[in-house]
Every structure is written in C-alpha cells, then in structure tokens.
Amino acid sequence: MKNQLYLYNTLSRKKELFEPLIPGRVGLYVCGPTVYGDPHLGHARPAITFDLLTRFLLHLDYKVRYVRNITDVGHLENDADEGEDKIAKKAKLEELEPMEVAQYYTNRYHHYMSLLMVKDPSIEPHASGHVIEQIEVIKSILDKGYAYESNGSVYFDVKKYDEGFPYGILSGRKVEDLISNTRTLDGQNEKRSAPDFALWKKAAPEHIMRWPSPWSEGFPGWHLECSAMSKKYLGEQFDIHGGGMDLLFPHHECEIAQSTVDTGKVPARYWMHNNMITVNGQKMGKSLGNFITLEEFFTGNNKNLEQAYEPMTIRFFILQAHYRSTLDFSNAALQAAEKGFDRLRQAIENISKINPSDKSSVDIPAFEQNCYAALADDLNSPILIAHLFDAVKMINSLVAGNLSISESDLLQLNQLMNLFVSDILGLDVSLGQSTNDSSKLDEVMDLMLQVRSDLKNNKDWATADKIRDELNRIGFEIKDGSSSATWQLK
RNA sequence: GGUUCCUUGGCCGAGCGGUUAGGCACUGGUCUGCAAAACCAGGUACGGCGGUUCGAGUCCGCCAGGAACCUCCA
C-alpha cells in the first residue's frame with residue numbers, strides 16, 4: 001500500500017524516486033534559523049515542510065538522522081571592512097552578551113516550533129560550537145589550492161573552481177554572468193574576483209565575536225558551517241539537504257563548491273527547497289519589515305491581524321499549500337483555514353458516533369491508497385488534505401446514516417484518519433476542552449439541555465431560544481437533533 | 001541589467017494533454033417549532049494573442065502583469 005516516494009530535486013529540476021545511500025537510513029540536513037530575531041511565519045514554513053518529510057520517512061520505516069543547525073555566528077551583515085556579525089551588532093545595541101541574545105532567540109524558536117507540533121531534530125548543532133571543524137575545512141580547501149589568503153581573511157576561488165568543477169549546478173548561475181552582473185559592493189579589493197566568497201573573515205576591532213585561527217582573529221565565512229557540520233554528523237555525502245528557496249543562491253551553491261573541493265563529492269544527493277510566504281504578494285522577511293512573528297499570530301497582537309490564530313490553524317494553513325508554491329498570507333485565508341480545520345477536527349470526533357453495519361458501502365482501501373499516493377508525489381499535502389475532506393464527508397454521511405460501513409472498515413478508517421492527520425501531517429485534533437472540570441461542566445450542560453427540552457415540550461419557544469442564544473453568546477454551540485440536543489464549545 | 005519562476009472561479013489553493021481537486025464564501029433542497037450543524041443538489045475558471053495536436057489551464061512562441069535570487073534572509 002505504501003508507495004515509492006518521489007521528491008523534487010533542485011539539482012535535476014524534476015521529481016526523482018527517492019533512494020537512500022544506505023538502505024533503510026536517511027541523512028537529512030536542513031538550514032535552521034539565524035537566532036538574532038523572533039521566529040516569524042517564514043520560519044514556520046521550512047520547519048513544517050521538513051517536519052512533514054521526516055514524519056513520512058519515519059512512517060515508511062526509515063531510520064532518520066535529522067540535523068538542523070542553529071546559526072549563531074558567521075553570517076556577515078556587510079561586506080569586507082564593514083563586516084560585522086549580525087549577532088554582535090544586535091548585542092551591542094542592547095548591551096547584552098552576544099551568546100545571551102543567541103540563547104534567548106534559540107529558546108523562543110524552540111518554544112514556538114513545539115507549539116506548531118514541529119518535532120525536534122536529532123541533532124541541532126550550533127555554528128559557534130564548530131569553529132574548529134570549520135577551520136579544518138578551510139585548511140583542506142587551501143591545501144587543495146582553491147582558496148587564498150588576503151589580509152587575514154580567506155576567500156574561496158570561484159573562478160578556479162569553475163575551471164574544473166561545475167559551478168552553478170544547483171542554481172544555474174554562470175560565473176561570467178556573476179562577474180559582469182554583480183552589484184558594486186564596498187571593499188571588494190581583498191577578493192580576486194567578485195563571485196569569490198569568504199571562508200574566514202578577519203574581525204574588525206569592534207567585532208566582539210571572534211575566534212583564533214591560523215590567519216587572523218576572526219570568524220568563519222558565510223556558508224561554511226553547513227559544510228562542516230553536515231560532514232561531521234552525516235558524512236561526506238548524505239541523502240537530503242533542505243532549506244528555503246532564498247538560500248539556493250548563493251548559500252547552497254557555495255556550500256556545494258566548498259564541500260566538493262574538501263571531500264571530492266557533492267554533499268547531498270537530493271536538494272529540496274521550500275517556497276516563500278508572501279504578504280500582499282511580497283516575500284515576508286526581516287529586511288522588508290513585513291513579517292509577523294509567531295507570538296503575534298498566537299496573541300493577535302499585530303496591526304495586520306484581525307484576530308489571534310491557533311498554532312494548528314497556522315500549521316493547517318501552511319500544509320494546505322504545496323511546499324514549492326508561494327503561499328500568500330491574508331486574514332481571509334487564515335480564517336478559511338481555521339473553519340476548514342475545525343470541520344476536519346469535528347469529523348474525527350464524530351467517528352465514535354458511527355454505528356457499524358454488516359457490510360460497507362464505502363471504499364476504505366481506495367481512500368488509503370489515495371492518501372499514500374498524494375504524499376509519495378513530492379509530499380503533496382494539499383491533495384492529501386483534499387482526500388481527507390472526502391473522508392470528512394464520508395464520516396458525516398455515515399453518522400447521518402446515508403452510508404454504511406463494516407466494523408473492520410470502521411476500525412481501519414479511524415486508524416487511517418489518525419495516521420494521516422495526527423502522525424503524518426502533525427495536526428493536533430484535540431478540541432482543547434480541559435479534562436479537569438469538564439465532568440461538572442457536562443452535568444451542568446446536561447441540566448440546561450434537559451430544562452430546554454421540557455420548555456420545548458411545553459412549546460415555550462421564546463424561553464428555549466433565549467437559553468440557546470445566551471449559551472451561544474457565552475461560547476456554547478447547541479445543536480438540536482430530532483430526538484435530543486448536543487452541545488460543544490465553539 | 002542577468003538568472004529562475006509564477007498568473008486558475010468571489011477568496012485561498014491543487015492539477016500540468018482527454019475524466020468532479022479540495023477548503024472558505026454563495027444559492028436551492030432535506031431535517032428542525034425556528035435556527036445551527038449535518039446531508040443532498042448547484043453555479044462561477046484557467047492573464048492576452050498566435051502555434052503544435054484528433055484534443056491544451058496542461059506543450060511551444062510572443063506580449064502583458066507579478067515574484068524570487070543576483071546583498072543577510074526560511
């Protein structure tokens with residue numbers, strides 16, 4: 001029943017059958033956050049995309065080692081002499097220890113990811129904890145002649161690399177184009193050529209995050225941490241490398257070049273890139289200032305938000321679009337997702353109300369096959385969700401008695417809904433009623449409904465409706481059935 | 001300027017050569033004292049112009065509009 005998994009590989013620009021290097025095992029590396037700002041909706045996308053991938057791989061019985069880094073050093077704010085580590089800049093602004101800032105945002109990231117039901121990676125290496133490994137990679141590249149030292153900094157020689165290796169295999173860039181089209185930046189004089197990128201940067205005097213190296217007191221270059229840490233934890237070659245599309249160039253292209261010189265191999269065989277989340281058609285990003293933090297989503301405290309949204313609404317919203325498509329944020333879209341998810345949630349609750357028959361008029365194996373086929377086709381979560389809504393309709397019809405289902409099929413249906421909704425899509429469908437005092441609440445509500453029933457029997461519609469309306473106002477939804485009434489918290 | 005990608009119904013969002021995507025909203029019906037929920041039924045679509053094909057949102061070309069990357073970024 002489980003299909004073979006096809007994944008879109010950016011390297012080949014087509015869907016490919018996924019075959020791991022070592023049968024039964026998957027090495028996955030995903031570019032994690034730079035911890036200098038609060039996690040926002042953009043951070044949720046790759047986290048959820050690769051969480052879905054991991055959950056599905058685990059379900060397919062692969063042993064997965066999922067490495068997702070924390071970038072707490074190494075990305076430059078400006079080029080060359082103005083070079084300053086982002087973390088350090090923010091730290092000075094707030095007069096905090098740089099690592100204190102990094103730790104604060106790392107904690108925040110973890111907190112919000114767990115609210116979104118994103119599972120922890122197997123290993124979460126910090127760039128700052130792997131400076132030694134990064135220096136080793138630089139030495140290796142220098143030894144092989146593909147890097148040069150300049151004024152205490154070390155640069156990767158892209159032109160030389162391009163002579164013997166296919167620079168641009170991932171992004172399709174050509175070195176000549178890069179040379180002629182690169183925008184004029186300050187301090188290019190240390191580099192031999194514009195596309196060259198830093199492996200090690202000498203720290204400016206005011207730069208407080210610095211480490212000793214054979215070349216200078218400084219810090220590792222832009223793209224080095226991923227090469228060094230993926231090699232350390234997943235080996236010279238591993239299965240899947242993931243990240244946002246905005247990292248495709250230059251980050252991943254440079255990573256491939258570094259690793260190829262260092263180890264002789266393209267580090268990952270499958271490269272997966274999630275698309276951006278946009279606001280009014282424009283990328284949601286730190287530098288654009290149009291991002292909404294996850295905290296704001298959950299509290300509703302942002303001028304762009306008409307209301308607060310539950311973490312599961314956001315997860316469902318993201319999963320309703322394919323990971324390689326842009327997804328446009330709007331309150332209307334979020335609210336539609338909220339209602340849709342609620343219907344799904346309610347249907348799962350309703351499964352327990354179904355009475356089995358001798359035989360089925362529904363096709364559960366077909367439903368199962370459809371779900372697996374959707375996931376196997378490059379993690380097509382929107383198609384999977386469409387099939388789940390077919391099941392919602394099926395469940396409600398079964399409850400209404402329009403369809404019939406055998407006991408074994410019912411058991412199977414229940415398991416499949418649980419599998420796809422909870423285990424694989426990672427959606428928490430519990431309705432959030434606290435269990436502590438719910439029994440007393442149940443008793444009170446039963447009493448209210450009993451009183452209403454008596455009123456209705458006496459044709460006192462006005463009082464009966466008043467009770468229903470008032471309960472509605474408080475937040476209880478009353479559903480009058482033909483024989484009895486039920487209620488639920490809205 | 002270079003590279004890559006996108007344009008689907010009121011909104012979101014799949015599909016990518018021939019058969020209902022799905023959700024939200026909307027309309028009619030069933031049920032109900034009336035509602036709500038649920039169920040049944042229904043409508044609205046592939047940016048424009050050419051081309052390939054028996055047949056094109058789906059392939060090709062041109063045009064228009066938009067985006068991402070080329071600079072830290074998920």
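Lettering of chains follows the sequences in order, A, B, ..., and the numbering in each one begins at 1.
Atom CE of A/Met394 and atom P of B/rA38 are 17 Å apart (whole Å). Counting to the nearest Å, the P atom of B/rG13 and the CG atom of A/Leu379 are 19 Å from each other. Taking atom CD1 of residue A/Ile318 and atom P of nucleotide B/rC12, one finds them 17 Å apart after rounding to whole Å. Counting to the nearest Å, the C1' atom of B/rU3 and the CD1 atom of A/Ile169 are 16 Å from each other. Atom CZ in A/Arg324 sits about 14 Å away from atom C1' in B/rU4, given to the nearest Å. As a whole-Å value, the separation of A/Glu338 CD from B/rC12 P is 18 Å. In this structure, A/Asp460 atom CG and B/rC34 atom P are separated by 17 Å, rounded to whole Å. If you measure from atom CD of A/Glu253 to atom P of B/rU71, you get 13 Å, rounded to the nearest angstrom.
The number of heavy-atom neighbours closer than 6.0 Å to CG of A/Asn457, taken from other residues, nucleotides and ligands shown, is above 12.
Pair assignment for B/rU32 gives none, since no Watson-Crick or G-U wobble pairing has each distance under 3.5 Å. Of the nucleotides present, B/rG51 is the one that pairs with B/rC59 by Watson-Crick or G-U wobble criteria, both distances under 3.5 Å. Pair assignment for B/rU27 gives B/rA41, based on Watson-Crick or G-U wobble hydrogen-bonding distances that are each under 3.5 Å. When both pairing distances are held under 3.5 Å, B/rG65 makes a Watson-Crick or G-U pair with B/rC6.
Side chain A/Asp328 to base B/rG13: no donor-acceptor pair is found below 3.5 Å. For A/Arg468 against B/rA35, a side-chain N or O and a base N or O form a donor-acceptor pair under 3.5 Å.
Contact annotation: A/Lys283 side-chain N/O to B/rC69 OP1/OP2 distance is under 4.0 Å. Put simply, A/Ser325 has a side-chain N or O that comes within less than 4.0 Å of OP1 or OP2 on B/rA14. In terms of phosphate contacts, A/Asn402 brings no side-chain nitrogen or oxygen within less than 4.0 Å of OP1 or OP2 of B/rC40. In terms of phosphate contacts, A/Ser397 brings a side-chain nitrogen or oxygen within less than 4.0 Å of OP1 or OP2 of B/rC40.
Rounded to whole Å, the C1' atom of B/rG23 lies 27 Å from the corresponding atom of B/rG17. When the P atom is compared between B/rC26 and B/rA35, the two are found 16 Å apart, to the nearest whole Å. Nucleotides B/rC24 and B/rU4 place their C1' atoms 32 Å apart, quoted to the nearest Å. Across B/rG10 and B/rU44, the matching P atoms stand 11 Å from one another, rounded to whole Å. Separating the P atom of B/rG2 from that of B/rC12 is a span of 31 Å, rounded to the nearest Å. Between B/rG42 and B/rC5, the two P atoms lie 39 Å apart (nearest whole Å). Comparing the C1' positions of B/rC46 and B/rU7 gives a spacing of 10 Å, expressed to the nearest Å. Rounded to whole Å, the separation between the P atoms of B/rU19 and B/rG57 comes to 10 Å.
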Begin with the C-alpha distance, continue with both residues' side-chain angles, and end with the deciding distance and a verdict on side chain to side chain donor-acceptor pair (under 3.5 Å) for A/Asn69 and A/Thr71.
CA-CA 6 Å; A/Asn69 63 296; A/Thr71 298; 3.0 Å; yes
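Glycosidic conformation of B/rG42 is anti; the angle lies outside 90° of 0.
Annotation for A/Asp72 and A/Ala127: closest pair OD1-N, 3.4 Å, computed over non-hydrogen atoms. A/Val362 and A/Leu403 make their closest contact through CG1-CD1, 3.7 Å (heavy atoms, listed as atom of the first residue, atom of the second, distance).
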If you restrict it to nitrogen or oxygen atoms, what contacts under 3.5 Å exist between nucleotides 17-24 of chain B and the protein, and what is each distance?
residue: B/rG23; atom: OP1; partner: A/Arg343; partner atom: NH2; Å: 3.2
residue: B/rC24; atom: OP1; partner: A/Arg343; partner atom: NE; Å: 3.0

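Ring-plane geometry between A/His252 and A/His273 is classed as tilted, the angle between the planes lying from 30 to 60 degrees on a 0 to 90 degree scale. Under the 30°/60° scheme for interplanar angles, the aromatic rings of A/His241 and A/Trp271 are found to lie parallel.
Between A/Leu41 and A/Leu248, the one whose closest nucleotide on RNA chain B sits nearer the 5' end is A/Leu248. Heavy-atom distances to RNA chain B give each of A/Pro250 and A/Val392 a nearest nucleotide, and the one nearer the 5′ end belongs to A/Val392.
Here the two rings, on A/Phe329 and A/Phe297, have centers that are under 6.0 Å apart.
Comparing B/rG33, B/rG2, B/rA14 by their nearest atom to the side chain of A/Asp465 picks out B/rG33. Among the nucleotides B/rA68, B/rC70, B/rU4, the one closest to the side chain of A/Arg13 is B/rU4. Between B/rG33, B/rC12, B/rC69, one nucleotide has an atom nearer to the side chain of A/Asp246 than all others, and that is B/rC69. Listed nucleotides B/rC34, B/rU3, B/rG15 differ in distance to A/Asp177; the shortest reach to its side chain belongs to B/rU3.
The residue A/Met276 sits close to a base: some heavy atom pair falls under 4.0 Å. Residue A/Asp469 is classed as having no contact, given no heavy-atom separation below 4.0 Å to the nucleic acid. A/Leu327 comes within contact range of the sugar-phosphate backbone alone, with a heavy-atom separation under 4.0 Å but no base atom that close.
No donor-acceptor contact under 3.5 angstrom links the side chains of A/Tyr66 and A/Asp51, judged on distance only. Side-chain atoms of A/Tyr309 and A/Glu338 include no donor-acceptor pair closer than 3.5 Å.
Geometrically, A/Arg173 engages A/Phe249 in a cation-pi contact defined by less than 6.0 Å to the ring centre and at most 45° from the axis.
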